[in-house]
Amino acid sequence: MAHPQFAAELLQRAEKQGPITIGLAGAGQMGTDIVVQVALMPGMRIGAISEVRPQAAIDAALLAGHDRSDIVQAPNAAAIDRAIEAGKIAVTEDLHALASAGRIDVIIDATGNPNIGTLFALEVMKNGKHIVMLNVEADITIGRFLKEEARKASVVYTGAAGDEPACTLEIIGFAKSLGFNIIAAGKGKNNPLKIDAMPADYEKEAAERNMNARMLVEFVDGSKTAIEMVAIANATGLVPDVPGMHGPTATLEELASVLCPREDGGVLHRKGVVDYSIGKGVAPGVFCIIETRHPRVLERMIDLKVGKGPYFTIFRPYHLTSLEVPLSAARAVVYKRADMEPLDHPVAEAVAVAKSDLGIGQSLGMIGENDYRGFAMTWEDARARGALPLGLAERAKVVKPVKTGDFLTYENCVPDDSMVITQIRRRLDQSDGRFVTNAA
């Protein structure tokens, strides 16, 4: 949560050093939101936007209220710097130019592709810039490697404010700093859960919501929930209690009596878990179930109508997605601090489960398409099953037939080794002593 004085600090910094200058990669739905929001924020500006469709970047800047004469095409880093010095917004098709431009303080990756995001993040950090990753898929696959590269480069690598994981971390941090015991943390699922959802069935709804159908299906089939809960797990040490998590239909009022230990009437086998609810009144918020046994604290919490105890729900009823992201960029520059970063060793994994029968020789599509969905489990469980990490499923080749509902594994699938994310993950697994059947 931004400190009340933060806006004043940004203005003071701008007076002394000029505004924080953001480079943005990608001007899709989220990128456009960021361009518009930054234009409203004190002490910050968009310096450059990299986009393969330059008109999308220009449209985003116009929507944010910038004059057309202040938006210039920039083919290289020097041209980007000249534009920023002249107080204009540079639009480039070249991610390398964006990464190496000297006048940019921090870069936000809104490209949405795990492999491209990984390559880009590494280049940004080598150029001495902080990076804000909206790319949770890359983070859950190789985040600890990216964090270590940031440390070597003396820059900040951070997840993005506004996304459910970082919003959940805010309230976990609040509860921990007060000394409460964390029982469970997670989110309300925004869309009804349908694990066999296919893009063809969601074209109409996606068009009405100004999304693409693949992206909508990534939310509907549970993939995004698995990805987000694994991101929280790997930043905190909380774990999925059971493979796939419980995902109860608990309402906001019921959360603390459902996501608590079984001996107290709940569903959990242990304390300290990530989970989600599909019950009414929870989405689009995030929650943390806490415990206190001290009679005085119990008395006060009950008196303040937080709940009945000994378990209570701390709740944030909203997350502002892309609109909050610039706060992470600002904090990286001002405080040199990450809003969210993975632990040195993961505790959870999002793996791929087949959504349809897959045949030998088949090359797999993207998350949210027809081939597979994301599924959360503990790191140890994923290793024991030889399960394929979700971030490596795209372009993987099927080498043994896979039935609907089966896990994709290193035994039945070979990830695409031409992708840098695959190469990095393989090195991480080998350093962990993990045996990978199809390792090169």
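Hydrogens, waters and symmetry mates play no part in the numbers below; they use all other heavy atoms, side chains included.
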Q: Step by step, work out the side-chain contact (heavy atoms from CB on, under 4.5 Å) result for Asn127 and Glu123.
A: CA-CA 6 Å; Asn127 277 284; Glu123 192 169 353; 3.8 Å; yes
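- Of all non-hydrogen atoms in Arg331 and Phe6, the two that sit nearest each other are CG-CZ, 3.7 Å.
- Contacts of Tyr157 classified as ring pair (Phe, Tyr, Trp, His ring centres under 6.0 Å), with partners at least two apart in sequence or in another chain: none.
- Ion pairing of Lys152 with Glu149 is present here, as a side-chain N (NZ or NE/NH1/NH2) and a carboxylate O approach within less than 4.0 Å.
- Distance CG/Asp406 to NZ/Lys400: 12.5 Å, rounded to 0.5 Å.
- Val267 is not listed as a side-chain neighbour of Asp275, based on a closest heavy-atom distance of 4.5 Å or more.
- Asp139 places none of its side-chain heavy atoms less than 4.5 Å from the side chain of Asn135.
- For the pair Thr21 and Arg45, the tightest heavy-atom approach, listed with the atom from each and the gap, is OG1-NE, 3.0 Å.
- Looking only at distances, a side-chain donor or acceptor of His319 sits under 3.5 Å from a matching main-chain atom of Pro284.
- No side-chain donor from either of Ser223 and Arg373 sits under 3.5 Å from a side-chain acceptor of the other.
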Q: Could you walk me through whether Ile232 and Leu169 pass the side-chain contact (heavy atoms from CB on, under 4.5 Å) test, one step at a time?
A: CA-CA 7 Å; Ile232 294 168; Leu169 246 66; 4.2 Å; yes
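- Residue Met215 qualifies as open at atom CE: its count of foreign heavy atoms under 6.0 Å is 12 or below.
- The closest donor-acceptor contact from the side chain of Thr251 to the backbone of Lys280 lies at 3.5 Å or more, if one exists at all.
- Residues Thr168 and Ala185 come closest through the heavy atom pair CG2-CB, 3.9 Å.
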Q: Run the numbers on Val132 and Val106 for side-chain contact (heavy atoms from CB on, under 4.5 Å), then give the verdict.
A: CA-CA 8 Å; Val132 180; Val106 56; 4.1 Å; yes
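- When atom types are taken as modelled, the side chain of Thr158 and the backbone of Met340 share a donor-acceptor pair closer than 3.5 angstrom.
- Distance alone, capped at 3.5 Å, places no donor-acceptor pair between the Asn190 side chain and the Ala283 backbone.
- Sorted by first and then second residue, the side-chain hydrogen bond (donor to acceptor under 3.5 Å, both in side chains) pairs with a member in residues 25-44 read Asp33-Ser322; sequence neighbours excluded.
- A salt bridge is absent between Glu9 and Arg13; no separation between the charged side-chain nitrogens and carboxylate oxygens falls under 4.0 Å.
- Contact of the Val217 side chain with the Met198 side chain is not registered, since no non-hydrogen atoms from C-beta on lie closer than 4.5 Å.
- The main-chain N or O of Glu291 is never found under 3.5 Å from a side-chain atom of Asn181 such that the two would form a donor-acceptor pair.
- Note: Trp379 and His345 have perpendicular aromatic rings, judged against thresholds of 30 and 60 degrees for the angle between ring planes.
- Heavy atoms from other residues, nucleotides or ligands lying under 6.0 Å from NZ of Lys147 number more than 12.
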Q: Kindly indicate, with the supporting measurements, whether the criterion salt bridge (charged side-chain N to carboxylate O under 4.0 Å, His left out) is fulfilled by Asp429 and Arg427.
A: CA-CA 5 Å; Asp429 285 341; Arg427 288 205 300 275; over 6 Å; no
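- Between the side chain of Asp109 and the backbone N or O of Thr111, at least one donor-acceptor pair lies under 3.5 Å.
- Counting heavy atoms from C-beta outward, Leu98 and Phe120 have side chains that approach closer than 4.5 Å.
- The pair Arg144-Glu148 does not meet the salt-bridge criterion, since no charged nitrogen lies less than 4.0 angstrom from a carboxylate oxygen.
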(Q) Quick one, Asp417 with Met419, criterion side-chain contact (heavy atoms from CB on, under 4.5 Å). Give me CA distance, side-chain angles, the key distance, then yes/no. (A) CA-CA 5 Å; Asp417 220 17; Met419 296 201 295; over 6 Å; no
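- Look at Lys305 and Asp303 and you find no salt bridge, because none of the NZ, NE, NH1 or NH2 atoms lies under 4.0 Å from a carboxylate O.
- No side-chain donor-acceptor contact under 3.5 Å links Ser356 and Asn370.
- How far CG of Leu364 is from CD of Glu394: 9.5 Å, rounded to the nearest 0.5 Å.
- Counting heavy-atom neighbours within 6.0 Å of Lys308 NZ, excluding the residue itself, gives a total of 12 or less.
- Other residues, nucleotides and ligands contribute more than 12 heavy atoms inside 6.0 Å of the CZ atom of Arg293.
- Of the possible polar contacts, one joining the Ser277 side chain to the Pro248 backbone as a donor-acceptor pair under 3.5 Å is found.
- Of all the heavy atoms in Leu95 and Ser50, the pair that sits closest is CD2-OG, 3.4 Å.
- Counting only heavy atoms from C-beta outward, the side chains of Thr292 and Phe312 approach each other to under 4.5 Å.
- For the atom pair CG (Leu390) and CD1 (Ile227), the distance works out to 5.0 Å, reported to the nearest 0.5 Å.
- At distances below 3.5 Å, not a single donor-acceptor pair connects side-chain atoms of Lys271 with backbone N or O atoms of Pro261.
- Looking at residues two or more places apart in sequence or on another chain, you find a salt bridge (Lys or Arg N to Asp or Glu O under 4.0 Å) between Lys187 and Glu164, Glu228.
- The number of heavy atoms from other shown groups lying within 6.0 Å of CZ (Phe315) is above 12.
- The residues Arg316 and Glu324 are annotated as salt-bridged, a charged nitrogen and a carboxylate oxygen being separated by less than 4.0 angstrom.
- Counting only heavy atoms from C-beta outward, the side chains of Phe407 and Val402 never approach each other to under 4.5 Å.
- Here CE of Met41 is found 10.0 Å from CD1 of Ile46. Values are rounded to the nearest 0.5 Å.
- Asn234 places a side-chain N or O within 3.5 Å of a backbone atom of Ala348 that can act as its donor or acceptor partner.
- When atom types are taken as modelled, the side chain of Thr404 and the backbone of Asp357 share a donor-acceptor pair closer than 3.5 angstrom.
- Among all heavy-atom pairs drawn from Ile182 and Ala175, the shortest one is CD1-CB, 3.7 Å.
- By the 4.5 Å heavy-atom criterion applied to side chains, Val353 and Ile195 are not counted as neighbours.
- Here the straight-line distance linking atom CG of Leu388 with atom OH of Tyr410 works out to 5.5 Å at 0.5 Å rounding.
- Distance check, rounded to the nearest 0.5 Å: NZ of Lys224 to CD of Glu218 gives 4.5 Å.
- Using a 4.5 Å heavy-atom cutoff, the side chains of Ile289 and Thr313 are in contact.
- What you find for Pro415 and Arg426 is that their closest heavy atoms are CG-NH2, 4.2 Å.
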